[in-house]
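In what follows, chains carry the letters A, B, and so on, assigned in the order in which the sequence lines appear, proteins first and then strands, with residues in each chain numbered from 1. Here the structure is a predicted model, which is why all the values come from computation and not from measurement.
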Number of protein chains: 2
Amino acid sequence: MIDVFVADDHTLFAEGISQALAAIPDLHVAGTASGGVELIELAEKSRADVLLIDLEMPDLSGFEVLRRLGGSPPAIIVTMHADAERRSQAIEAGAKGFLSKSTPLPELAAAVRAVSAGLDLTPHTTTLRDVLDPYMEPSLDPGAASLTVRERELLTLLGEGVSLTEELAERLYISPKTVKNHLASIYEKLSISDRTQAAVEAIRLGLVDNR
Amino acid sequence: MIDVFVADDHTLFAEGISQALAAIPDLHVAGTASGGVELIELAEKSRADVLLIDLEMPDLSGFEVLRRLGGSPPAIIVTMHADAERRSQAIEAGAKGFLSKSTPLPELAAAVRAVSAGLDLTPHTTTLRDVLDPYMEPSLDPGAASLTVRERELLTLLGEGVSLTEELAERLYISPKTVKNHLASIYEKLSISDRTQAAVEAIRLGLVDNR
DNA sequence: GGAGAAATAGGGCGCCCGACCTATGGAGAG
DNA sequence: CTCTCCATAGGTCGGGCGCCCTATTTCTCC
């Protein structure tokens with residue numbers, strides 16, 4: 001489970017990409033920020049593994065943010081204008097990756113995984129796809145891999161101690177009956193039989209932010 | 001929660017001290033060994049935080065064990081004959097503490113906490129009690145501190161995914177009714193209301209070996 | 001365009017769980 | 001020597017949980 005933090009002054013874009021990333025099994029959005037200052041404040045608290053930063057932000061440019069953070073956590077620059085000059089500036093400022101906003105989602109996900117694993121993507125330019133290739137598939141604990149997005153959401157809540165059907169239903173905006181359906185499905189997939197064991201598994205699988 | 005490993009060729013002594021340590025809220029016995037060779041094998045696997053080693057062991061003396069382990073994990077020598085010569089030898093071999101077998105249990109516990117925190121007790125001789133003073137009280141998460149030994153045992157099992165009353169009863173050699181009594185007590189002390197939340201708490205409090 | 005999966009919602013049933021209550025023996029504190 | 005706490009054990013009762021069904025809508029995939 002990799003925690004990603006998204007910063008973009010275009011709120012809609014930040015929201016959209018968050019949704020998209022959250023739907024990927026091994027990625028989790030730790031939070032979003034709509035500006036550089038907010039990003040610096042939140043990035044440390046949220047304990048993100050990887051930052052996705054837009055270059056063009058009104059209060060603090062992506063460059064400045066990179067310098068202040070000093071490479072920890074590692075950051076990937078995502079920009080509308082992926083030209084050579086910005087690219088070299090971003091690298092100089094400490095970016096671990098540099099991607100266009102038109103990058104396909106699976107490739108972005110792969111880049112996140114690669115950077116999270118400690119890779120620096122900036123030395124590679126033309127052969128980027130080859131570098132990312134080993135990271136194209138979600139790497140998730142077997143078992144959790146077979147869970148659907150919704151089932152993972154439910155399981156995460158259980159791992160946080162939300163145990164009552166009624167409360168789970170309210171948190172997910174669905175009927176209690178549906179909660180039970182999802183639970184039954186989770187039990188079968190993980191070879192367990194009640195929510196207590198499910199909570200244990202949720203934590204073991206790293207679905208819960210326990211830091 | 002500090003994991004302690006006990007090595008002593010006098011099995012009864014090892015067992016006894018294990019029982020005594022396990023009854024202390026913030027200590028947990030990771031395992032025991034009845035000889036130096038066994039100790040070296042098991043100490044690494046068990047991931048103990050602190051070793052308690054008897055000097056007088058038939059196959060490998062405590063001195064030799066200390067040298068082979070090289071100070072990690074930190075070890076406290078416990079001996080029947082706490083004379084100056086053995087003491088200096090033990091320190092030279094890398095012991096972090098040197099105690100007589102007649103040391104009171106609370107003091108031993110304090111020594112374990114101190115060494116676990118990175119302290120080296122060997123420089124201090126006469127003023128040992130003053131050094132240990134800050135470590136005399138169990139340092140445990142508030143909440144877990146109020147739990148009894150038995151309640152903690154039950155909670156630990158829950159955190160490992162043992163959820164059924166019947167199975168919990170078998171594991172603890174008590175009646176299902178008693179299990180329920182303990183559970184009710186745990187719920188009240190931790191301000192929770194079911195075993196799912198209890199399992200979450202057990203893990204959060206570090207009662208479960210999740211390494 | 002038909003198959004399959006996922007998310008949604010519901011009904012019924014048996015059993016376990018949690019809440020509340022009493023009770024006894026042993027250990028430690030005063 | 002009491003008084004309190006802990007561990008043990010038991011009883012009752014209502015409600016929630018897990019298990020087995022069916023069903024519809026919306027996707028994606030070939």
Side-chain angles (χ1 to χ4, degrees), chain A residues 19-20 22-25 104-106 138 140 143-159 161-202, chain B residues 19-20 22-25 104-106 138 140 143-159 161-202:
Chain A
Q19 287 294 331
I24 297 175
L105 183 61
L140 204 58
S146 62
L147 294 175
T148 68
V149 176
R150 207 60 168 150
E151 285 161 3
R152 255 194 311 280
E153 287 177 27
L154 212 173
L155 196 51
T156 304
L157 284 176
L158 272 178
V162 183
S163 53
L164 297 177
T165 304
E166 197 58 48
E167 195 179 346
L168 289 165
E170 285 171 14
R171 295 285 214 96
L172 295 173
Y173 306 107
I174 56 180
S175 150
K177 300 290 181 180
T178 308
V179 169
K180 290 188 154 202
N181 287 338
H182 287 315
L183 279 174
S185 172
I186 291 171
Y187 296 156
E188 193 194 351
K189 288 181 180 175
L190 299 185
S191 304
I192 55 181
S193 55
D194 58 49
R195 32 194 103 188
T196 300
Q197 295 172 356
V200 173
E201 279 303 294
Chain B
Q19 286 295 331
I24 297 175
L105 182 62
L140 203 61
S146 62
L147 294 175
T148 68
V149 175
R150 206 60 167 150
E151 285 161 4
R152 254 195 310 281
E153 286 177 28
L154 212 173
L155 195 51
T156 304
L157 285 176
L158 271 178
V162 183
S163 53
L164 296 178
T165 303
E166 196 58 48
E167 194 178 348
L168 289 165
E170 285 172 14
R171 294 288 213 94
L172 296 173
Y173 307 107
I174 56 180
S175 149
K177 301 289 179 181
T178 308
V179 169
K180 289 186 155 203
N181 287 339
H182 287 316
L183 279 174
S185 171
I186 292 171
Y187 295 157
E188 193 194 350
K189 288 180 180 175
L190 300 184
S191 304
I192 55 180
S193 56
D194 58 50
R195 28 195 107 188
T196 300
Q197 295 173 356
V200 173
E201 279 303 294

*Worked check of side chain to side chain contact (heavy atoms under 4.5 Å, CB included) between A:Leu172 and A:Leu157*: CA-CA 9 Å; A:Leu172 295 173; A:Leu157 284 176; 3.9 Å; yes
*Go through A:Arg152 and A:Val149 one step at a time and tell me if the side chain to side chain contact (heavy atoms under 4.5 Å, CB included) criterion holds.*
CA-CA 5 Å; A:Arg152 255 194 311 280; A:Val149 176; 3.8 Å; yes
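A straight line from CD1 of B:Ile186 to P of C:dC17 spans 14 Å, rounded to a whole angstrom. In this structure, the CD atom of B:Glu167 is 11 Å from the P atom of C:dC17, given to the nearest Å. For the pair A:Arg195 CZ and C:dG18 P, the computed distance is 11 Å after rounding to whole Å. Atom CD of B:Glu188 and atom C1' of C:dC20 are 12 Å apart (whole Å). As a whole-Å value, the separation of A:Glu166 CD from D:dG15 P is 14 Å. The interatomic distance linking A:Leu183 (CG) with D:dC20 (C1') rounds to 15 Å, in whole Å. What separates CG of B:Asp194 from C1' of D:dG18 is a distance of 15 Å, to the nearest Å. For B:Leu154 and D:dA7, the CG to P distance is 10 Å, given to the nearest whole Å.
Residues B:Glu201 and B:Ile186 are not in side-chain contact: their nearest non-hydrogen atoms beyond the backbone lie 4.5 Å or more apart. Counting heavy atoms from C-beta on, the side chains of B:Glu151 and B:Leu190 never come closer than 4.5 Å. For the pair A:Leu155 and A:Lys189, the minimum side-chain heavy-atom distance is 4.5 Å or more. Under the 4.5 Å side-chain criterion, counting only non-hydrogen atoms from C-beta, B:Arg150 is in contact with B:Ile174. The closest side-chain heavy-atom distance from A:Arg195 to A:Thr165 is below 4.5 Å.
A:Ser193 has no side-chain polar atom (N or O) that falls below the 4.0 Å cut-off from OP1 or OP2 of D:dG18. Between B:Tyr187 and C:dA19, a side-chain N or O to OP1/OP2 separation shorter than 4.0 Å is absent.
Contact annotation for A:Ser163: backbone-only contact, meaning every heavy-atom pair under 4.0 Å involves sugar-phosphate atoms and none involves a base.
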Between the protein and nucleotides 4-13 of chain C, which nitrogen or oxygen pairs are less than 3.5 angstrom apart?
{"unit_1": "C:dA7", "atom_1": "OP1", "unit_2": "A:Thr148", "atom_2": "OG1", "d": "3.3"}
{"unit_1": "C:dA7", "atom_1": "OP1", "unit_2": "A:Arg150", "atom_2": "N", "d": "3.3"}
{"unit_1": "C:dA7", "atom_1": "OP2", "unit_2": "A:Thr148", "atom_2": "OG1", "d": "2.6"}
{"unit_1": "C:dT8", "atom_1": "OP1", "unit_2": "A:Arg150", "atom_2": "NE", "d": "3.1"}
{"unit_1": "C:dT8", "atom_1": "OP1", "unit_2": "A:Arg150", "atom_2": "NH2", "d": "3.1"}
{"unit_1": "C:dT8", "atom_1": "OP2", "unit_2": "A:Arg150", "atom_2": "NE", "d": "3.2"}
{"unit_1": "C:dT8", "atom_1": "OP2", "unit_2": "A:His182", "atom_2": "NE2", "d": "2.8"}
{"unit_1": "C:dA9", "atom_1": "OP2", "unit_2": "A:Ser175", "atom_2": "N", "d": "2.5"}
{"unit_1": "C:dA9", "atom_1": "OP2", "unit_2": "A:Thr178", "atom_2": "OG1", "d": "3.1"}
{"unit_1": "C:dA9", "atom_1": "N7", "unit_2": "A:Asn181", "atom_2": "ND2", "d": "2.7"}
{"unit_1": "C:dA9", "atom_1": "N6", "unit_2": "A:Asn181", "atom_2": "ND2", "d": "3.0"}
{"unit_1": "C:dG10", "atom_1": "OP2", "unit_2": "A:Ser175", "atom_2": "OG", "d": "3.0"}
{"unit_1": "C:dG10", "atom_1": "O6", "unit_2": "A:Asn181", "atom_2": "OD1", "d": "3.3"}

